[in-house]
Amino acid sequence: MSDTSLRLVWVYPDLLSTYGDQGNALVVERRAQQRHIPVTRIDVRSDQPIPTSGDIYLIGGGEDRPQRLAAERLRRDGGLNRAVGNGAIVFSVCAGYQILGTEFINDLGRPEPGLGILDVRSVRNEGSRHVGDIMGDIDERLGLPPLTGFENHQGNTVVGPGARPFARLRFGSGNGTGDGTEGAWCDTVFGTYAHGPVMARNPLIADMLLKLALDVHALPPVDEQWYEALRAERIAAATQASA
Ligand code: GLN
């Protein structure tokens, strides 16, 4: 392992990796390799300590019970909070997003403390589950093309004053609060309800994480043909389904 290698940490693949979210780690890795950026992928199971020296942390979605177990272990471990305190980049999806917040409702129907890394709080949506394709315009400060993804969650998430919505929805439920917002972000910490996996459908998000980690404004271009074809196909199918 080279000291200059970018350290990509995939948090708790044994508990939080639904709907192909592991693909996010593969895409970040691949986009780095295509630019000859050395990257070391570190998969951290829930019985292992979270390394605090990672550059990028990815945390995926999960069913309600694994989500509670993951939150308990991450709180006890404290490593992810320390890493963020050191300026690490975190990208989280669905259950992972809820865990980064201050609180969510667990599988026992009780409020479960989150990590307080992102100023969001999740409650249980009493209506039907949010399932389906979503599309939205990502916060313009981030300079990214529209977000496309697939959501499947019962929780609704309220974004507090310490964070900003990640995207404004064209369709889908996103945060589920009826205000058209989807996900949240603050500095180098991001959360979304978009599975897909989201990096495969939105590879420029992976590039954004790499640019933040390397502290550069641009990366060498890569062949986008495959990604563009997938994006076009998913956007067309989702737009048709939502019409
Ligand atoms: N268990 C959470 C919810 O239903 C997250 C689900 C998920 O990660 N897909 O809101």
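Each ligand, and each atom within it, is numbered from 1 in the order the structure gives. Since this is a predicted model, take the numbers as computed values, not measurements. Residues: numbered from 1 along the sequence shown.
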Is the shortest side-chain N to carboxylate O distance from Asp187 to Arg164 below 4.0 Å? no
Taking atom types as modelled, is there a side-chain donor on Asn156 or Thr177 under 3.5 Å from an acceptor on the other? no
Kindly indicate, with the supporting measurements, whether the criterion salt bridge (charged side-chain N to carboxylate O under 4.0 Å, His left out) is fulfilled by Glu112 and Arg68. CA-CA 7 Å; Glu112 179 78 30; Arg68 171 169 54 87; 5.1 Å; no
Pairing donors with acceptors under 3.5 angstrom, does anything connect the side chains of Arg73 and Ser46? yes
Judged by modelled atom types alone, do Asp21 and His195 share a side-chain donor-acceptor pair under 3.5 Å? yes
Name each donor-acceptor pair under 3.5 Å that joins a side chain in residues 78-94 to protein atoms two or more places apart or in another chain, with its distance.
{"residue": "Asn81", "atom": "ND2", "partner": "Leu115", "partner atom": "O", "Å": "2.9"}
{"residue": "Asn86", "atom": "ND2", "partner": "Arg82", "partner atom": "O", "Å": "3.4"}
{"residue": "Ser92", "atom": "OG", "partner": "Phe190", "partner atom": "O", "Å": "2.8"}

So which protein residues pack against ligand 1 under 4.0 Å, heavy atoms counted? Tyr19, Gly61, Gly62, Asp64, Gln67, Cys94, Ala95, Gln98, Arg129, Asn152, His153, Gln154, Gly155, His195
